[in-house]
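The structure appears right after this line, and notes come after that.
Because only heavy atoms are used, hydrogens play no part in the values below, and waters and symmetry mates are left out as well, while side chains stay in. Remember, predicted model here, so these are calculated numbers, not experimental data.
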Amino acid sequence: MQNNEYVLELLIENGLLSNDQLPEGWDLVEKSNGQLGIIDALIQLNYINEEEMIALLAQEYGMELMDLASYQIPQDILGLIPKDIVLQYKVVPVMIHDNILTIAMNDPTDMAKLDSLRFALKRDIDAVIAPTKQIQAVIDKFYSGLDTGIDELIDEIGGEAKDIAVVKEDDPAMMEDEDAPIIRLVTMLIVEAHNLKASDIHLEPTEKQYKIRYRIDGALREMESPPKYLQQNITQRLKIMSKLDITEKRIPQDGRIQLRVVGCEVDLRVSTIPTTHGESIVMRLLEKSAIQLEIPQLGFYADDQAKINKIINMPDGVFLVTGPTGSGKTTSLYAFLNTINTPNRKIITAEDPVEYQLQGINQVQIDNITGLTFANALRAMLRQAPNIIMVGEIRDCETAEIAINAALTGHLVFSTLHTNDAPSAITRLIDMGVKPFLVASAVRAIMAQRLVRRICKNCMEEAEPTPTERRLLGLDDKFMDTAKVMKGKGCSICGGTGYKGRLGIYEIFLVGEEIQHLIFEKCSADVIRDAARKGGMMTLREDGLRKAAAGTTTLSEILAATVSDSQ
């Protein structure tokens, strides 16, 4: 605070601070060698509550108190103050009306700051007051990362742009200087994606742009794009990092980058594909900590968790996990393997690719070029006398039959299939060419899953289902009376989306005697599904609705992720 004496006097008068606490505050100021002011020192000592002080000052100066955590600042407003001014003055723009820019600041006593900003920006400025932490959160999110860092790096590249754009493709050494702006720009892309908890980075060339998008909580979010002329150099750098052929632009390539980002080990699976306007690159971020989940963290309720524990502790049989790409099947399988990975069990996996190294588990990387297919790997694995086998994916009849025969000879087999629901996996195996009696004898359970976004805990509020949601989801009065439907209002923590993180919704299908009989008779997936539901199977939509009713996700997410149970 610029006017410390007045603020201290005000706090003492209103009972928010006592004179006895001041000496200790001044001692801390002295020890900090000028790094702390008296107000900051008293806040650090918990003698002053900043929120209470801010509210008092807002009242005293006749200013509006603003909650930035629950306010979504429009993107066009954020660009009205340059980054260097935001970082220097610790203020953020929040709105504009009648050409008057309103900023959020934490110190209403600093009139000189307002005058300096009016001069620097050459416009009328009004101010509201907000807590320091909220202002800093906005700065960290919108001004300290990729969006503004790109501008600085481009300025640094400056006149060298032409030289960089024609870097010799057969001379990777020219791209290996760790201090080069291009290197730091690519590093910034990856670090920012990691900080935002993105699962993928998409670099997409168009005729006039080089677009960058992050997939965060399953939804793509467009970021600030670098200039088109840097496209070739960014592509080259990523190819060098992932050990791809930088001279080959006509065919798709796949590679891998291993990095340590902010103390976390991160794997990036890099995929390139030639397009009309250059090579499109997608990088999937695989963080090891994300795969070391326990079963409860996946979003299972107690009844489903009990079923899963029963299934994964069976002595033999096939357990299939189904769902589309990106639905979390691998994460679930790794969580199951981590749970049952004990010294008295030998576990072998065949994967394409091996996404994470799991301690104590033998993992085999499939390589079709050398002939190490899923089927060949499975045959070899059986000679290793394992207790548990995981097959990354069943893609053909040969692999399916070997996996089923392994289950029939005393092994517990985990694998995945691409089907829309759990009962459809039965007919999918039969359509592949596996005999129905083998399917009925070996398959113990099938789990379908989807990922839905969690409501942001910071800005959640009660919501009323829309007429469309009630109609499409078939919500009855009982649901309406007992459910606690919520939504996210949007805040700085969730980037204005109202969502933060994801959880799974599940459909667990146990194959009992009645189901086995239907499989023998080659009944359709609809007949098997009806029998499973009568036997107590909860569908994806039903599991999603109970999680929406508990306030963990929204009805719109369930509507987008599932189909009607009657279809």
Q | Passing option when Glu507 is tested against Lys307, Arg450, Arg541, Arg529 for salt bridge (charged side-chain N to carboxylate O under 4.0 Å, His left out) | A | Arg529
Q) Short question: side chain of Glu514, backbone of Ala531 - any donor-acceptor pair under 3.5 Å? A) no
(Q) Between Asp200 (side chain only) and Arg215 (backbone N and O only), is there a donor and an acceptor less than 3.5 Å apart? (A) no
Q. Would you find a donor on one side and an acceptor on the other, under 3.5 Å apart, between the side chain of Lys329 and the backbone of Pro324?
A. yes
Q) Are the side chain of Glu462 and the backbone N or O of Met486 linked by a donor-acceptor pair below 3.5 Å? A) no
Q.
I'd like to know whether NZ of Lys547 has more than 12 heavy-atom contacts from other residues, nucleotides or ligands below 6.0 angstrom.
A. yes
Q) Hey, mind stepping through Arg470 and Asp476 against salt bridge (Lys or Arg N to Asp or Glu O under 4.0 Å) and telling me if it holds? A) CA-CA 8 Å; Arg470 292 191 64 168; Asp476 54 20; over 6 Å; no
Q.
If I take atom CD1 from residue Ile455 and atom CG from residue Leu503, how far apart are they, to the nearest 0.5 angstrom?
A. 9.5 Å
Q) Do Glu513 and His517 have a side chain donor and acceptor closer than 3.5 Å? A) no
Q | Side chains of Asn420 and Val563 in contact at under 4.5 Å (non-hydrogen atoms) | A | no
Q: Could you check Gln232, Lys239, Lys249 and say which one makes a side-chain hydrogen bond (donor to acceptor under 3.5 Å, both in side chains) with Glu279?
A: Lys239
Q. Quick one: does Gln231's side chain have a donor or acceptor within less than 3.5 Å of a partner on Asn233's backbone?
A. no
Q) Can you check whether Arg453 reaches Thr554 side chain to side chain, under 4.5 Å on heavy atoms? A) no
Q) Which one of Ile519, Leu518, Val439 satisfies the side-chain contact (heavy atoms from CB on, under 4.5 Å) criterion with Val511? A) Ile519
Q.
Strictly distance-based, threshold 3.5 Å: is any side-chain N or O of Asp367 a donor or acceptor partner for the main-chain N or O of Leu372?
A. no
(Q) Quick check for you: to the nearest 0.5 Å, what is the distance between Met381 atom CE and Ile347 atom CD1? (A) 11.0 Å
Q.
If you compare all heavy atoms of Ala403 against all heavy atoms of Val413, which two are closest, and at what distance to 0.1 Å?
A. O-CG2, 3.7 Å
Q. Mind checking whether Tyr214 and Glu192 have side chains closer than 4.5 Å, heavy atoms only?
A. yes
Q: Apply the side-chain hydrogen bond (donor to acceptor under 3.5 Å, both in side chains) test between Glu204 and each candidate in Lys211, Arg213, His277; give the one that qualifies.
A: Arg213
Q. Checking side-chain contact (heavy atoms from CB on, under 4.5 Å) against Thr349, which of Leu337, Val364, Asn362 comes through?
A. Leu337
Q) Which class fits the ring pair Tyr506 and Phe300: parallel under 30°, tilted 30 to 60°, perpendicular over 60°? A) parallel
(Q) I want to check something: taking the side chain as every heavy atom from C-beta on, are Asp245 and Gln253 in contact at a cut-off of under 4.5 Å? (A) yes
Q: Go through the steps for Ser556 and Glu469 under the test side-chain hydrogen bond (donor to acceptor under 3.5 Å, both in side chains), then give the verdict.
A: CA-CA 7 Å; Ser556 59; Glu469 289 171 342; 4.6 Å; no
Q.
Would you say that Met283 contacts Ser242 through its side chain, given a criterion of any heavy-atom pair below 4.5 Å between the two side chains?
A. no
Q. Can any side-chain N or O of Glu542 pair as donor or acceptor with the backbone N or O of Thr539 at less than 3.5 Å?
A. yes
Q: Taking Asn313 for its side chain and Asn309 for its backbone only, find out whether a donor-acceptor pair lies under 3.5 Å.
A: yes
Q.
I'd like to know if the side chain of Ser441 and the backbone of Phe437 have a donor-acceptor N/O pair within less than 3.5 Å.
A. yes
Q.
Within this structure, what is the CG-OG1 distance for the pair Leu382 and Thr409, rounded to the nearest 0.5 Å?
A. 6.0 Å
Q. How far apart are the C-alpha atoms of Asn344 and Thr342, what are their side-chain angles, what is the distance that settles it, and do they pass the side-chain hydrogen bond (donor to acceptor under 3.5 Å, both in side chains) test?
A. CA-CA 6 Å; Asn344 62 327; Thr342 56; 2.5 Å; yes
**Q.** Any side-chain heavy-atom pair of Ile216 and Thr497 under 4.5 Å
**A.** no
Q) Sub-3.5 Å donor-acceptor pair from the side chain of Glu393 to the main-chain atoms of Glu351, do we have one? A) no
Q. Centres of the Phe319 and Phe336 rings: under 6.0 Å?
A. yes
Q.
Going by side-chain contact (heavy atoms from CB on, under 4.5 Å), Leu378 matches just one of Ile348, Asn405, Thr399. Which one?
A. Thr399
(Q) Just so I know, are the side chains of Glu401 and Asp396 near enough to count as touching, which here means a heavy-atom distance under 4.5 Å? (A) no
Q) Does the side chain of Ile515 reach to within under 4.5 Å of the side chain of Phe509, using non-hydrogen atoms? A) yes
